[in-house]
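Following: one structure in structure tokens, then a few remarks.
Indexing begins at 1, ligand by ligand and atom by atom, following the structure's order. Both backbone and side-chain heavy atoms feed into the values below; hydrogens, waters and symmetry mates do not. Keep in mind it's a predicted model, so treat the numbers as computed, not measured.
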Amino acid sequence: MIQLKGIAAAGGVSIGPAYMLGKEEFIVSRETIVWTDIPAQIQLFEEALIQTRREIIELQKRISSDMGQQEAQIFDAHLLVLEDRMLIEEVISRLKKEQLNVAYIFSEVLKKYIGVFLEIEDEYLKERTADINDVGKRILRNILGKKKKGLDDVAGRAIIVAHDISPSDTAAMHSKNVAAFVTDIGGKTSHTAIMAKSLEIPAVVGLEGVTSKVNPGDILIVDGSTGIVIINPDEETLKSYQQKLEKLKGIIDKFLSVKDLAAVTIDGQTIIINANIEFPDEVPSVKLHGGQGIGLYRTEFFYMNRKDSPSEEEHYQAYKYVAEEMNPHSVVIRTLDIGGDKFLSQFKVPHEMQPFLGWRAIRFCLARPDIFKLQLRAILRASVHGNLKLMYPMISGIEELRQANQLLEEAKNELRKNSLKFNDKIEVGVMVEVPSAAMTADILAREADFFSIGTNDLIQYSLAVDRSNEKVAYLYDPAHPAVLRLVKSIIDAAHQAKIKVAMCGEMAGEPSLALILLGLGLDEFSLPPQVIPELKYIIRAIGFKSAQKIALDALKLSTGKEVEEFSQNKLAEILK
Ligand code: PEP
Ligand code: MG
């Protein structure tokens with residue numbers, strides 16, 4: 001039995017056999033062939049290409065019907081690799097010249113291709129390496145006549161063990177076969193971790209070296225709430241976790257019992273509890289978990305894993321759907337937030353030394369008004385179908401807010417010119433996630449309709465900790481006194497200006513900090529859907545005045561550890 005501790009990325013406990021993803025190594029022998037075998041080898045290669053194409057289209061169809069067209073488009077890039085004439089012609093010409101078996105020739109050509117792409121300092125081309133690798137393995141598998149080894153083969157609710165998880169693998173995880181996943185790299189608020197929560201799969205990331213410690217079929221316990229992963233547990237440990245699972249189920253049922261009730265404190269203070277989503281097809285889960293509205297719709301996922309950008313009509317249809325489904329509750333659409341760990345290949349953004357401090361989010365949108373205004377027009381047009389609001393990410397000062405609003409005005413005028421209807425009074429909010437915005441919140445509040453605190457970024461910038469780097473994850477601390485002070489000053493500035501303030505960073509979904517945030521006066525929480533029942537339960541179990549006292553006491557503490565212990569104890573008292 002080995003016990004490892006990683007970063008708790010998505011809550012819940014799962015027990016199951018390990019499934020090693022991406023560890024598929026082919027041993028391809030080098031065999032000489034006679035020239036009369038060449039046509040048969042070429043035919044084998046061509047049949048493998050056709051078979052691979054068939055498999056990808058099949059997979060695409062399945063994902064399209066299970067999850068939606070957008071996710072299925074991930075595989076368009078894979079189909080393109082299959083049509084790469086250069087790659088195909090090199091295999092055939094080397095086959096003729098060297099007279100070696102096609103599997104060997106293909107594996108050599110593939111290695112060379114991947115090597116060349118890896119050498120290039122260009123994120124767009126680097127991203128293509130994963131596609132080439134993925135498709136290349138499929139082709140090789142078909143040449144060798146081997147059965148595909150992938151997520152489709154995961155049996156008996158297995159636990160995925162991988163160095164990192166690719167977008168296409170994450171998409172395929174919608175299949176109910178996946179019980180949990182663990183990865184070598186990643187941080188608590190990295191893109192992978194956020195996706196795990198939206199898929200409701202327990203996950204532990206940043207477990208350095210886990211792929212070298214686990215063997216296929218090993219029994220794993222994954223505790224996504226504590227970050228503990230146990231390899232081949234002994235009888236006693238297994239029993240204790242099975243009991244924990246039972247207990248957890250009981251606790252979840254207790255939380256679920258209040259999911260459709262209002263989040264109102266014992267002394268009558270009502271709080272709005274909204275959900276964060278990445279895709280429109282998460283709306284049913286929001287409703288199922290009692291989310292009142294959507295406080296953060298991360299629209300950049302719409303642009304991911306496709307060659308082109310979504311058209312204005314595609315944007316409009318997606319926003320219209322979400323607006324209508326959630327009506328009369330509000331839906332806050334966050335405008336395109338690319339950069340950092342969210343890379344969109346179609347925009348060919350050059351590689352940056354410090355992407356989180358680089359050309360991201362509103363900075364990119366202000367420099368590309370064509371892309372930005374297309375999205376703004378779609379949001380505006382959809383605003384007549386429900387209660388839509390919009391907000392800008394990464395605002396660092398009032399000038400950016402004004403520039404963005406100027407483009408919003410232009411977008412409105414363009415719609416007017418075409419006699420297209422929109423809600424002229426649509427609320428426009430600012431994400432407060434850059435320390436300079438937090439410190440000038442009073443100035444921003446005069447020209448914003450609402451604030452939403454993006455703690456994922458605010459914490460990384462104020463504590464100088466890369467949110468997706470497991471090496472410095474120990475410093476990433478939402479309970480840090482600096483974070484609490486910043487949050488308090490943002491809330492106070494908003495209230496002074498009589499605007500509402502929400503929090504949509506992952507911190508809003510940390511049950512132990514909920515009492516402090518409530519006491520600091522946060523008006524709205526926006527969090528992953530499955531945490532909503534627990535938060536409602538907590539809010540309904542405390543008085544607002546007591547929460548205010550807890551917040552005041554927490555602000556007097558000196559370290560994040562002290563704050564965490566203090567709030568955990570208070571929460572335990574309330575929930576007992
Ligand atoms: C945040 O930074 O807190 C946030 C909600 O946005 P994202 O996680 O998409 O950067
Ligand atoms: Mg952010």
Part of Leu296 with heavy atoms under 4.0 Å of ligand 1, whether side chain, backbone, both or neither: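 Side chain only.
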
Does Arg467 approach ligand 1 within less than 4.0 angstrom via side chain, backbone, both or neither, non-hydrogen atoms only?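 Within the 4.0 Å criterion, Arg467 contacts ligand 1 through side-chain atoms alone.
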
Mark up the atoms of ligand 1 that fall under 4.0 Å of a heavy atom belonging to [X], in ascending order.
X      : answer
Arg298 : 4 (C), 5 (C), 6 (O), 7 (P), 8 (O), 9 (O)
Met431 : 4 (C), 5 (C), 6 (O)
Cys504 : 5 (C)

Atom 6 (O) of ligand 1 [closest protein heavy-atom partner, distance rounded to 0.1 Å]: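 I find the closest protein heavy atom is Arg334 NH1, 3.0 Å.
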
Of all the non-hydrogen atoms in the protein, which one sits nearest to atom 1 (C) of ligand 1, and at what distance? Asn456 CB, 3.3 Å

Polar contacts were defined as any N/O atom of the residue lying under 3.5 Å from an N/O atom of the ligand; does this apply to Glu506 and ligand 1?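 No; every N/O pair is 3.5 Å or more apart.
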
Hey, is ligand 1 close enough to Glu300 that some N/O pair sits below 3.5 Å?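 For ligand 1, there is no N or O atom that lies under 3.5 Å from one belonging to Glu300.
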
Any chance NZ of Lys561 has more than 12 other-residue heavy atoms, nucleotides or ligands included, within less than 6.0 Å?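 Open.
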
Over 12 foreign heavy atoms within 6.0 Å of NZ, Lys373: yes

Regarding Arg402 and Glu409, does a basic nitrogen lie under 4.0 Å from an acidic carboxylate oxygen?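 Between Glu409 and Arg402 there is no salt bridge, as every charged N stays at least 4.0 Å from the carboxylate O atoms.
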
Salt-bridge present (Asp337, Arg360; N to O < 4.0 Å):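 The answer is yes: the pair qualifies as a salt bridge.
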
Determine which of the N, O or S atoms in Asp457 is closest to the Mg ion (ligand 2) and give its atom name.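 For Asp457, the N/O/S atom sitting closest to the Mg ion (ligand 2) is OD2.
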
Roughly how far apart are Leu366 CG and Ile371 CD1, rounded to 0.5 Å?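 Answer rounded to 0.5 Å: 12.0 Å.
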
What's the spacing between Glu433 CD and Leu486 CG if we round to 0.5 Å?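 That separation rounds to 13.0 Å.
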
Please check if any side-chain donor atom of Thr299 sits under 3.5 Å from a side-chain acceptor atom of Gln375, or the reverse.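 Result is yes, a qualifying pair exists.
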
Test item: side-chain donor near acceptor, Glu324 and Asn327, under 3.5 Å: no

Suppose we only count N/O/S atoms under 2.8 Å; would Glu433 qualify as near the Mg ion (ligand 2)? yes

